Trainee: 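Quick one: the structure is below, questions incoming.
These numbers come from a predicted model, not from an experiment.
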Amino acid sequence: MKQNTNKTVLILGANSDVAKQCIIQYVEKGFSVIAASRNTNSLNDFIGSNNLDRSKVSVLYFDAADFDSHHQFYSSLSVQPHIVVYSAGFLVDNQKALADFKGAKQMMEVNYMGGVSILSIIAMDKSNTNLERIIGLSSLSGVRGRKSNFVYGSTKAAFTQFLAGLRQELASRKIIVNALVIGYIRTKINEGLELNESLIMEPDYVAKFIVNAGNSFTIVPNFKWKIIYHILRLLPESLAAKLP
């Protein structure tokens with residue numbers, strides 16, 4: 001059901017498959033969306049192919065890893081956002097990340113450092129009385145270190161901890177911070193990986209949990225992944241080390 005919210009959502013890293021579905025769902029609920037990404041052409045093509053109302057969706061260039069540009073990016077926004085979604089992400093194979101620090105560094109910059117940079121700027125702008133929610137997309141990979149993907153997982157673990165502290169920092173201003181702790185999604189970032197088909201979620205399904213986020217800090221889409229999440233948290237180290 002469409003709502004007349006007159007509110008604006010800023011999506012950072014909006015070219016991800018999940019973020020694109022969020023654009024559709026936020027617009028359907030009556031929000032205006034600022035979609036920010038390095039790949040503005042892809043976003044404009046997506047908006048056109050889905051016949052989205054151009055008066056409701058604007059596209060801006062944003063580079064999560066260009067930290068020096070973040071202050072200018074935020075100050076140039078035409079509207080102070082009510083909701084901010086950080087969905088920028090980057091993944092390289094764990095063995096490649098161990099052998100070549102360039103890939104590991106890029107994961108750190110996009111998955112963690114970029115989020116800390118821009119979200120800190122946004123959160124500390126007390127002149128923005130509109131701000132009511134910040135949502136960060138994290139991963140089950142950040143719950144426990146596993147030999148198959150611990151470099152990537154470490155960036156997501158760090159991001160989750162940042163969001164947890166940010167939630168406490170902003171509580172007095174009644175600003176909600178959510179962390180989406182997500183399992184496998186059928187997205188371009190996972191193309192070529194051998195994943196359990198029964199556990200793969202569709203981007204539009206995950207987007208619903210973002211668009212309809214409540215007050216809980218940790219949000220784990222899908223009951224199967226909720227079970228896995230709790231198992232990972234409680235599993236003894238001796239057994240966690242045997243995970244693939």
Side-chain angles (χ1 to χ4, degrees), residues 12-13 16-22 64 85-98 103-104 106-116 119 134-167 177-244:
L12 301 159
S16 77
D17 295 303
V18 171
K20 286 178 175 176
Q21 293 303 312
C22 285
V85 179
Y86 188 86
S87 59
F90 182 74
L91 172 67
V92 297
D93 176 78
N94 203 69
Q95 290 302 310
K96 290 181 180 178
L98 290 172
Q106 190 167 353
M107 285 195 288
M108 295 173 194
E109 289 179 340
V110 176
N111 300 343
Y112 172 59
M113 295 170 65
V116 173
L119 294 181
I134 293 174
I135 306 171
L137 274 60
S138 189
S139 171
L140 264 292
S141 299
V143 176
R144 291 290 289 270
R146 294 189 297 128
K147 57 188 175 185
S148 62
N149 66 353
F150 63 86
V151 180
Y152 171 79
S154 69
T155 67
K156 289 298 187 177
F159 187 47
T160 299
Q161 292 306 309
F162 168 75
L163 293 171
L166 188 63
R167 179 179 173 92
V177 177
N178 308 106
L180 267 288
V181 181
I182 307 170
Y184 303 149
I185 313 173
R186 198 183 309 279
T187 63
K188 54 182 174 286
I189 198 173
N190 288 324
E191 285 181 0
L193 299 181
E194 294 183 7
L195 304 176
N196 187 325
E197 185 68 25
S198 68
L199 292 174
I200 298 178
M201 300 177 288
E202 298 299 329
D204 62 331
Y205 174 80
V206 176
K208 290 178 183 178
F209 287 84
I210 298 168
V211 174
N212 298 294
N215 293 327
S216 298
F217 173 64
T218 303
I219 300 173
V220 185
N222 188 287
F223 77 96
K224 292 180 181 179
W225 284 110
K226 287 181 180 177
I227 294 170
I228 293 171
Y229 168 74
H230 290 296
I231 290 174
L232 284 173
R233 291 178 64 228
L234 299 173
L235 204 63
E237 178 61 26
S238 58
L239 296 178
K242 296 179 181 179
L243 292 172

Trainee: On a heavy-atom basis, which atom in P221 and which in V206 lie closest, and how many Å separate them?
Mentor: CG-CG1, 4.4 Å

Trainee: Whether the side chain of S138 engages the backbone of K156 through a donor-acceptor N/O pair (distance < 3.5 Å, no angle test) should be reported.
Mentor: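 Yes; judged by distance alone, with no hydrogens or angles, the pair exists.
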
Trainee: Measuring from D17:CG to E202:CD, what's the distance to the nearest 0.5 Å?
Mentor: 10.0 Å

Trainee: Quick one: pull up CD1 in I200 and NZ in K224 and give me the separation to the nearest 0.5 Å.
Mentor: 11.0 Å

Trainee: State, to 0.1 Å, how close L163 and A179 come at their nearest heavy-atom pair, and which atoms those are.
Mentor: CD1-CB, 3.9 Å

Trainee: Determine whether M201 and I182 make a side-chain contact, defined as any pair of heavy atoms from C-beta on separated by less than 4.5 Å.
Mentor: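 Side chain of M201 against side chain of I182, heavy atoms only: contact under 4.5 Å found.
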
Trainee: Has S216 got a side-chain atom pairing as donor or acceptor with I219's backbone, closer than 3.5 angstrom?
Mentor: no

Trainee: Counting only N and O atoms by type, is there a donor-acceptor contact under 3.5 Å from the side chain of Y86 to the main-chain atoms of G115?
Mentor: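 Present.
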
Trainee: Show the nearest heavy-atom pair for residues R167 and N215, with the distance to one decimal.
Mentor: NH2-O, 2.6 Å

Trainee: Walk me through it: do L98 and F150 pass the test side-chain contact (heavy atoms from CB on, under 4.5 Å)?
Mentor: CA-CA 10 Å; L98 290 172; F150 63 86; 3.8 Å; yes

Trainee: Measuring from T218:OG1 to R233:CZ, what's the distance to the nearest 0.5 Å?
Mentor: 7.5 Å

Trainee: Are the side chain of W225 and the backbone of L199 linked by a donor-acceptor contact shorter than 3.5 Å?
Mentor: yes

Trainee: Write down the atom of L91, the atom of M107, and the distance for their closest heavy-atom approach.
Mentor: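 Looking at all heavy atoms of both residues, the shortest contact is CA-SD, 3.9 Å.
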
Trainee: Are any non-hydrogen side-chain atoms of N222 and F209 less than 4.5 angstrom apart?
Mentor: no

Trainee: Minimum heavy-atom separation for N94 and Y152, please, with both atom names.
Mentor: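 Taking every non-hydrogen atom into account, OD1-N, 4.3 Å.
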
Trainee: If you apply the rule side-chain contact (heavy atoms from CB on, under 4.5 Å), what do you find for L119 with V177, and how did you get there?
Mentor: CA-CA 11 Å; L119 294 181; V177 177; over 6 Å; no

Trainee: Roughly how far apart are L137 CG and T160 OG1, rounded to 0.5 Å?
Mentor: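 L137 atom CG to T160 atom OG1 measures 10.0 Å (nearest 0.5 Å).
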
Trainee: Out of curiosity, I185 CD1 to D204 CG, how far, rounded to the nearest 0.5 Å?
Mentor: 11.0 Å

Trainee: V18 versus L180: any side-chain heavy-atom pair under 4.5 Å?
Mentor: no

Trainee: Specify the closest pair of heavy atoms between G183 and L140, including all atoms of both residues, with the distance to one decimal.
Mentor: N-CD2, 3.8 Å

Trainee: At what distance, to the nearest 0.5 angstrom, does OG1 of T155 lie from CD of E109?
Mentor: 11.5 Å

